[in-house]
Amino acid sequence: MHDALKPPHHIAVIMDGNGRWARARGLPRGLGHRAGAQAVRRIVEACCDVGVRVLTLYAFSWENRDRPAAEIRELMGLLEEFIRRETPTLLANQVRLRTIGRMEELSADVVASLRRVEAQTAQGARMTLALALGYGGRQEIVDAARRLAERARQGLLRPEQIDEAMFAQQLYAPDLPDPDLLIRTSGEQRLSNFLLWQSSYTELYVTPKLWPDFTKEDLLDAIAEYERRERRFGRVTAQA
Ligand code: IPE
Ligand code: IPE
Ligand code: MG
């Protein structure tokens, strides 16, 4: 566990409210997702500007797979469009793209384009953009447990050797630090299976703003609020 770096080193976002944004305008949900994709562009750029080093975006959850097939198709289409249109910008801004989640749940084409952009942007040193796709925090923990169990079965590992650090090494992106700040838009005060392991000491920030309406100013407000927080990590601090 590292002490807080300011501004937050790693921001994670539950981008919620696309459907409500569309409904408020009498539009189909798909147009809400399209507006949400614009907000993604805005916030990636803003995070680059303010010096955030890792941005993890919850784009499609394990449970979102139970949504209507037509909505899933629209989301995947937008994802492909995003990859196609944004790759030059990612390269120009030295942003490295990563993915976390059970990627085998996505179509082979989408996975192939994501893998291609991951390889193309692998040298991006300014910021890492991690897209959570087919992602569930519990599923990630189960996958890690399976890998450790398999190594124990092969006799490569004794169960008593397993500690938090070794467990964390089996998560989807073991090299990324835990999020410092977790933002959720649209007012819901829950994690919805996002980064369960990694968020144990993350500062939570919920805003009523719907994701398509979320701006750079809103991001700066969240960061300012984060900077006012006192992170204690269970300890007693000098001020106490
Ligand atoms: C978030 O917006 C985007 C995804 C979950 C993919 P929603 O689609 O959940 O929007 P609401 O919650 O219905 O408003
Ligand atoms: C969380 O939002 C998932 C993403 C933003 C991708 P949901 O809209 O799926 O969460 P619930 O259903 O309100 O908990
Ligand atoms: Mg939602």
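When a ligand or atom number is given, it counts from 1 through the structure's own listing order. All values below were derived from every heavy atom in this structure, side-chain atoms included, with hydrogens, water molecules and symmetry-related copies excluded.
- Among the backbone and side-chain atoms of Glu188, no N/O/S atom is found under 2.8 Å from the Mg ion (ligand 3).
- Within a 4.0 Å radius of atom 12 (O) of ligand 2, the protein has no heavy atom.
- From the protein, the heavy atom lying nearest to atom 6 (C) of ligand 1 is Ala59 O, 3.4 Å.
- With a heavy-atom cut-off of 4.0 Å, Phe60 touches ligand 2 through its backbone alone.
- The aromatic rings of Trp197 and Phe167 sit parallel to each other, their planes meeting at less than 30°, with 60° as the upper class boundary.
- Counted by atom type alone, Asn18 and His33 present one or more donor-acceptor pairs between their side chains at under 3.5 Å.
- Residue contact check: His33 has heavy atoms under 4.0 Å from atoms 3 (C), 8 (O) of ligand 1.
- The nearest heavy-atom contact from the protein to atom 4 (C) of ligand 1 is Arg67 NH1, 4.0 Å.
- No heavy atom of Ser186 sits closer than 4.0 Å to any atom of ligand 1.
- Atom OD1 is the N/O/S atom of Asp16 found closest to the Mg ion (ligand 3).
- Considering both main-chain and side-chain atoms, Ser192 comes within under 3.5 Å of ligand 2 through a nitrogen or oxygen pair.
- The protein atom (non-hydrogen) at minimum distance from atom 9 (O) of ligand 2 is Asn64 ND2, 2.9 Å.
- Rounded to the nearest 0.5 angstrom, Cys48 SG and Leu129 CG are separated by 9.0 Å.
- From the protein, the heavy atom lying nearest to atom 10 (O) of ligand 1 is Gly19 N, 2.9 Å.
- Heavy-atom separations between Arg29 and ligand 1 include at least one value shorter than 4.0 Å.
- Nearest to atom 1 (C) of ligand 1 among the protein's heavy atoms is Met15 O, 3.0 Å.
- When atom types are taken as modelled, the side chain of Thr202 and the backbone of Leu182 share no donor-acceptor pair closer than 3.5 angstrom.
- Under 3.5 Å, the side chains of Asn193 and Gln139 contain a donor-acceptor pair of N or O atoms.
- The two residues Val52 and His9 have their closest heavy-atom pair at CG1-O, 3.7 Å.
- Among Arg184, Arg190, Glu63, Arg20, the residue whose heavy atom lies nearest to atom 2 (O) of ligand 2 is Arg184.
- Both tests do not hold together for Arg23 against Trp21: distance to the six-membered ring centre under 6.0 Å, angle to the ring axis within 45°.
- Using bins of under 30°, 30° to 60° and over 60° for the plane-to-plane angle, the ring pair Tyr58/Tyr135 lands in the perpendicular bin.
- In plain terms, the two heavy atoms of Gln161 and Met166 that are nearest each other are O-CE, 3.5 Å.
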